[in-house]
Each structure stands twice: as C-alpha cells, then as structure tokens.
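Please read the structure below before turning to the comments.
By convention in this document, chain letters (A, B, ...) are assigned in the order of the sequence lines, proteins followed by strands, and residues within each chain are numbered from 1.
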Number of protein chains: 2
Amino acid sequence: MSPLAADQAVQLAEMFRIMGDVSRLRIILSCLDEELAVGDIAARLDLSPSLVSHHLRLLRAARILRADRRGKHVFYAAADDHIRCVIEDMVAHVREPAAEDEQ
Amino acid sequence: MSPLAADQAVQLAEMFRIMGDVSRLRIILSCLDEELAVGDIAARLDLSPSLVSHHLRLLRAARILRADRRGKHVFYAAADDHIRCVIEDMVAHVREPAAEDEQ
DNA sequence: CGTTTATATGAATAGATGTTCATTTGTTAG
DNA sequence: CTAACAAATGAACATCTATTCATATAAACG
C-alpha cells in the first residue's frame, strides 16, 4: 500500500536491529505472555540485572515493552500485539524448509 | 503454541539482525515486488555493487532473497511471503501512536 | 534516620560488523 | 583467443555495540 519512504526504512531497520540481539530477543520472548520484573528476567535468562536493565531501556524506547512500577519492582510486558505477529511470521520463515533449488 | 526453544531464539535473532541494517533492509524492500539485478539495486539505492553483493550474500544465506542467474545478470527477489508479513507487521508497529502514559 | 533490596545509569573495553578497495570469477560478444 | 561487462570475494579498517563493573537512584522497612 504505502510507498515506504526512505526515512521509514531507517525506523524499520532500527526496530529489527533491536530485536536482532539474542539477549534482547530472549527478554522480549519472556515478556510476551506474562508480566515480569527485571530481577525475574535476569534470573530466568541467566543474565546480570544490569545487562537486562540496559536492554530494557532500548526495548522501552522502541515501544516493544512497557514498564509498570509497583513498589520496588518494575514489571515489563509486551507493549502491543504487533511484535507478537512479527515474531510469529519470522518463526514461520525459519521453519520453512529450504527450497530444493538452493545449493 | 510451540515453546520457542532457546536455539530457535538464536536463529530468530540472527534473522532480525540481518534485517536490522538500513542498507540491507532497503535492498529487501527493493526486491519485495520485483526482480532486480545487482547493478540495478546498487544504482537505485546509490550503493557500490560490491557492497550490495556482500549484503546479498547474507540475504541469500538467510533465505530472505533468492537469486536467479540469467546471462551476465543475477536477479534477486523475495524468497517467500513471510518476510513481507514481517515487514508489514513492523510497519504497523512503528505507525502505532505512542501510548499516552509514555514519558 | 540507616539498611536492604530492586532497578537504573555511566564509563570502559573487547569483540563484532558495515564499508571500501583491489582482485577474481563468470558470462557474452567480437 | 581477447576484451568488456557483471557479480562475487578477500583483506583491511574504522565504527559501533554488547557486556562488565562500579556507582547512583528508588522504594520499603526497621
């Protein structure tokens, strides 16, 4: 539909870039279906809370995750459904069997 | 549905990483709806043929684009529809207005 | 108040990555 | 065959980025 202007490409690439890191993608996946505190994410993924916090800042800025402070804890969850769709489509892609003409 | 095993996360992140570069994403966008030769891509995007070729190798390996040699030219096009969906969803995400509680 | 727990931030660094340039391979034409 | 064009490849480099460590802010509790 829309022509996908050049500046949109920059914005899009930025989004993909943020999701293109294994640690960050794992964080996203962890928060897709449940709200999790920073410490819980760190424990589950075996990452330092500091590192998780650094990544969460990017994910928040990209509006991939949203933060919700409750007392000492800050809970993170998926911001909207688009990211879920993006991931589902990408899963479908990687699961696609390699074309037979590939060499 | 599926549990998204840890190794799948690595594969997924790799895909996003490849799409997370502006030059590469522009190449993908150029080849979404039409077949293009390497030189044409380079000319359209104002990139060196060498650089385009480097990127195309990654895009081929990730099965995002497929190559088709015809004489001296090698034409590239989107390998399947999943990437189209991924991009559409991501466009929808970046177009989503920022939540009002954001600060 | 001070202490403890949870999260965020800043600087420093080691490793990854995009780009350029030079060269090579592949294909067609004369 | 040689020449010309198209694409691919390899090395070198400058830049970026993920991670670590130390420190700071925030909140609850004694």
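Pairs engaging residues 37-49 of chain B under the side chain to side chain donor-acceptor pair (under 3.5 Å) rule: B:Glu34-B:Arg44 [sequence neighbours left out].
Not counting sequence neighbours, B:Arg69 has no partner by the side chain to side chain donor-acceptor pair (under 3.5 Å) test. The side chain to side chain donor-acceptor pair (under 3.5 Å) search around A:His93 returns B:Asp80, not counting sequence neighbours. Residues satisfying the side chain to side chain donor-acceptor pair (under 3.5 Å) test with B:Glu88, not counting sequence neighbours, are none. Scored by the side-chain contact (heavy atoms from CB on, under 4.5 Å) test, B:Ser53 finds no partners at all (sequence neighbours excluded). Listed by chain and number, the residues in a side-chain contact (heavy atoms from CB on, under 4.5 Å) with A:Gln11 are B:Val94 (sequence neighbours excluded). For A:Arg84, the side-chain contact (heavy atoms from CB on, under 4.5 Å) criterion is met by A:Leu32, A:Asp33, A:Ala78, A:Asp81, not counting sequence neighbours. Partners of B:His82 according to the side chain to side chain donor-acceptor pair (under 3.5 Å) rule, which considers only residues two or more places apart in sequence or in another chain, are A:Glu96.
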Restricting to nitrogen or oxygen on both sides, can you table the protein-nucleotides 17-24 of chain D pairs closer than 3.5 Å?
{"residue": "D:dA18", "atom": "OP1", "partner": "A:Arg24", "partner atom": "NH2", "Å": "2.8"}
{"residue": "D:dA18", "atom": "OP2", "partner": "A:Arg24", "partner atom": "NH1", "Å": "3.3"}
{"residue": "D:dT19", "atom": "OP1", "partner": "A:Ser23", "partner atom": "OG", "Å": "3.1"}
{"residue": "D:dT19", "atom": "OP2", "partner": "A:Ser23", "partner atom": "OG", "Å": "3.4"}
{"residue": "D:dT19", "atom": "OP2", "partner": "A:His55", "partner atom": "NE2", "Å": "2.6"}
{"residue": "D:dT20", "atom": "O4", "partner": "A:His54", "partner atom": "NE2", "Å": "3.4"}
{"residue": "D:dC21", "atom": "N4", "partner": "A:Ser50", "partner atom": "OG", "Å": "2.7"}

All N/O contacts under 3.5 Å from nucleotides 5-7 of chain D to the protein, with atom names and distances to one decimal?
{"residue": "D:dA6", "atom": "O3'", "partner": "B:Lys72", "partner atom": "O", "Å": "3.4"}
{"residue": "D:dA7", "atom": "OP1", "partner": "B:Val38", "partner atom": "N", "Å": "3.3"}
{"residue": "D:dA7", "atom": "OP1", "partner": "B:Val74", "partner atom": "N", "Å": "3.4"}
{"residue": "D:dA7", "atom": "OP2", "partner": "B:Gly39", "partner atom": "N", "Å": "2.9"}

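Residues B:Leu51 and B:Leu29 share a single hydrophobic cluster, defined by chaining ILVMFWY side chains whose heavy atoms lie under 4.5 Å apart.
Reading DNA chain C from its 5' end, the first and the last nucleotide to sit under 4.0 Å from a heavy atom of chain B are C:dT17 to C:dT28.
When rounded to the nearest whole Å, the span between CD1 of B:Ile41 and C1' of D:dA8 equals 14 Å.
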- Task: Go ahead and write out DNA chain C as dot-bracket, 5' to 3': ( ) for pairs within the strand, [ ] for ones crossing earlier pairs, | when the partner sits on another strand, dots for unpaired; Watson-Crick or G-U wobble, both distances under 3.5 Å.
- Result: ||||||||||||||||||||||||||||||
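At distances below 3.5 Å, not a single donor-acceptor pair connects side-chain atoms of B:Arg60 with backbone N or O atoms of B:Arg66.
Counting all heavy atoms, side chain and backbone alike, B:Leu25 lies closest to A:Ala9 at CD2-O, 3.4 Å.
Inter-residue side-chain proximity for A:Leu45 and A:Ser23 is flagged as unmet; no heavy-atom pair is nearer than 4.5 Å.
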